[in-house]
Amino acid sequence: MRNREVVELFSRVADMLAIRGDQIHRILAYRKAAESIEALGRDINVVYDEGKLTDIPGIGETLAAKIEEMLTTGRLEFYEKLAREIPPGLVDMLRVEGLGPKRVKQVYDKLGITTLDELTAAAREGKLRDLPGMGAKSEAKILAGIDALARHGDARLSIGVAWPIAQMMLDELARVDGVVAAAVGGSLRRMRETIGDIDLLVAAASPDAVMDRLATLDNVESVAGRGPTKTNVVLLNGLGVDLRVLPPERWGTLLNYFTGSQAHNIRLREMALKKGLSLNEHAFTPLDGGAEILCATEEEVYARLGLPLIPPCLREDRGEIEAALAGRLPALVTLDDIHYDLHMHTTWSDGTLSVLDMARAARDSGLRLVAITDHSVSLGVANGLSVERLRAQAAEVRAANEVLGPDFRVLHGTEMEIRADGTLDYPDDVLAELDFVIASLHTGLGQPREQVMTRILNAIHNPHVDMIAHPTGRLLPDRAGADLDMDVVFAAAVQTGTILEVNAHPARLDLRDTHVRRALEMGVRVAINTDAHRPEEFANRAYGVATAQRGWATAADVVNTWPADELLAFIRAKDERASRPA
Ligand code: DGT
Ligand code: CA
Ligand code: CA
Ligand code: ZN
């Protein structure tokens, strides 16, 4: 079995346990294991051969034994046993929006429904409405969910699409009379790379006006549900939006609860229980029946638990609570720390502005230095530069530097193809003339691991290559990147002093959050760059910073925050080390 089959089986087990009504801890353990293996940059068979399965976050002895069974026998007895009790078709039914594990169990127990098709038929025939706790309304909702699934699939949406929509909706809601605060919650506030639905949170004394306004926003298609403090709507693009409104004195717990992640919340709730308190979106409540303790801010929620405020992007139960308890939360890199952008395109290849205009736009966005890095010759579709054109471009970069004066610096660079056969697109003597050399994989991403690893390592070991852009080449939501052994890539980057990029384009976010975390543990230096082809794309920098934050990056880890002479010295040092006899 390969990584993705192990991931698939573990997430199916988690879903089946949820349908069976198992303990949440057990369910989360399998989900977390699936997540960690999905983020694992290495072949799990190799990790197993090294005897290091339990080094994977979230994998203890029990799960390691299950992985061993899968890898050595190609089966998982526990899954097969579960499947005799919980038909696997029920797991597919969970993909229907509005259909949770409890309801799935109910339609199975009462009606013997075991597949999505049977469910669809039963709903159409009006057989669901008579189940306990259901009615014609909930039946219609399930049908709408089945419809939506057929229309849009259950693909998660890119943060780059969801974020601007959510901000626009928030602006509108914030203007409603009586609104004291409004914020996004959920995965969007945690800045996950993709999101399942938008969660909007509002503090207001009375919820009705806010919920009414939401229902009338231009991009809202229909209201899927409404309760005293919450409304769910579906947008024209099929995306779901959950709005919750509570009074301002409960804002802290509201924000905390609906920011999640669920795994993080469960840890907080356990800590509260140890102090004799229950915790939900409304308040802390003493278990012995005393008066509610309200929190108007999130700081108060964490303080009540003896913790400093934990930044939303860290709330994944990946060690942030332990770090907070130990006073070791990272001082995360911020957008304001970023002074340079080392990857962008101009009209010389497939960008929309000249060198000077792109540099000016970067300066206007608050930067002090950029590298102009157009595509190289073999990327013909992007009008890649021949050696002659690359040399001609140097004059234009010099001219731009003269116009912009001493307070802004333009480096002459390239985004050079690592060709499918492993060779580089420009010879070393040409690379030596450039200020900054990026090497990228755009083609042959589907090659076998050994072949694609040889290509990327060859580029990393070239003394002129300063940075690898978007290292895996994945494209969100669903084009997997190259099959790289990330630990080996990271080790080579550290050894050679090669920078690895966190590409800020929301379709890339590559390195991804978990890769950033691992890379930094191994000592890699990362850069956050926009890869802008148009000046509007400089705004994507925020997504890159968020991804680095989710990887626990501090400013010192990110070369775009360093003094310019340090960055330039770091770039030069690689060439010098290479030219010294070993
Ligand atoms: P998504 O929408 O799939 O990208 O991910 P989230 O994290 O936004 O999840 P969502 O929208 O289902 O719920 C928002 C937050 O609300 C979630 O992160 C934690 C909290 N929450 C929702 N349901 C539960 C629950 O059953 N238990 C706990 N502890 N928290 C929950
Ligand atoms: Ca959500
Ligand atoms: Ca939600
Ligand atoms: Zn590029």
Side-chain angles (χ1 to χ4, degrees), residues 97-100 145 154 156-159 161-163 165-166 169-170 183-202 214 224-225 227 229-235 239-244 254-255 257-265 281 312 315-316 341-352 358 370-376 378-379 381-385 413-418 425 436-443 466-471 473 475 501-505 507-510 527-534 537-538 540 544:
E97 167 84 35
L99 206 56
D154 54 350
R156 298 172 61 83
L157 200 67
S158 156
I159 188 173
V161 178
W163 183 262
I165 294 175
M169 298 180 78
L170 268 187
V184 295
S187 51
L188 203 49
R189 182 157 182 250
R190 304 197 310 280
M191 302 296 276
R192 272 190 64 174
E193 60 197 27
T194 62
I195 66 128
D197 74 356
I198 294 178
D199 299 284
L200 298 178
L201 308 172
V202 169
L214 177 70
T229 63
K230 67 173 188 180
T231 298
N232 316 315
V233 300
V234 179
L235 303 185
L239 190 65
V241 179
D242 290 347
L243 166 69
R244 327 250 165 183
L254 176 70
L255 202 51
Y257 186 88
F258 289 109
T259 295
S261 66
Q262 197 184 351
H264 177 88
N265 285 0
E281 68 270 38
R315 299 181 195 172
E316 300 289 349
D341 193 336
L342 301 171
H343 183 171
M344 69 189 61
H345 299 270
T346 71
T347 46
W348 284 80
S349 62
D350 56 352
T352 61
M358 201 63 180
V370 296
I372 298 294
T373 56
D374 279 304
H375 293 289
S376 64
S378 76
L379 205 63
V381 289
N383 192 23
L385 275 61
T414 179
E415 179 179 18
M416 172 180 60
E417 289 303 295
I418 303 170
D425 227 9
F436 190 68
V437 175
I438 302 176
S440 292
L441 294 167
H442 288 110
T443 56
D466 300 303
M467 186 183 90
I468 305 293
H470 43 73
L475 285 177
E501 183 176 68
V502 178
N503 190 288
H505 196 287
R508 293 194 178 275
L509 301 177
D510 177 15
I528 300 170
N529 302 314
T530 62
D531 195 359
H533 289 67
R534 306 177 280 121
E537 289 176 343
F538 286 137
N540 289 338

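If you're wondering where the values come from, they're calculated on a predicted model, not measured in any experiment. Numbers here simply count residues along the sequence, with the first being 1. First listed ligand is number 1; within each ligand, the first listed atom is number 1.
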Using atom types as modelled and distance alone, determine if a side-chain donor or acceptor of N232 lies under 3.5 Å from a backbone N or O of A224. no
Going by the rule side-chain contact (heavy atoms from CB on, under 4.5 Å), which residues pair with S378 if we only count those two or more places apart in sequence or in a different chain? E417, R419, D425
Do the side chains of E316 and R190 get close enough for a salt bridge, i.e. N-O under 4.0 angstrom? yes
Would you say D350 and H533 are linked by a side-chain donor-acceptor pair, where the criterion is simply a distance under 3.5 Å? yes
Give every protein N, O or S atom lying under 2.8 Å from the Zn ion (ligand 4), naming each by residue and atom. H343 NE2, H345 NE2, E415 OE1, D531 OD1
Only one of E501, H470, H505 forms a side-chain hydrogen bond (donor to acceptor under 3.5 Å, both in side chains) with N529, so which one is it? E501
Check salt bridge (Lys or Arg N to Asp or Glu O under 4.0 Å) between R315 and all other residues, then give those that pass, not counting sequence neighbours. E298
Have a look at E415 and tell me which of L379, V437, D374, D531 forms a side chain to side chain contact (heavy atoms under 4.5 Å, CB included) with it. D531
Side chains of W163 and M191: closer than 4.5 Å at any heavy-atom pair? yes
How about the Ca ion (ligand 3), which protein N, O or S atoms come within less than 3.0 Å? D197 OD1, D197 OD2, D199 OD1, D242 OD2
Between the side chains of R156 and T194, does any donor sit under 3.5 Å from an acceptor? yes
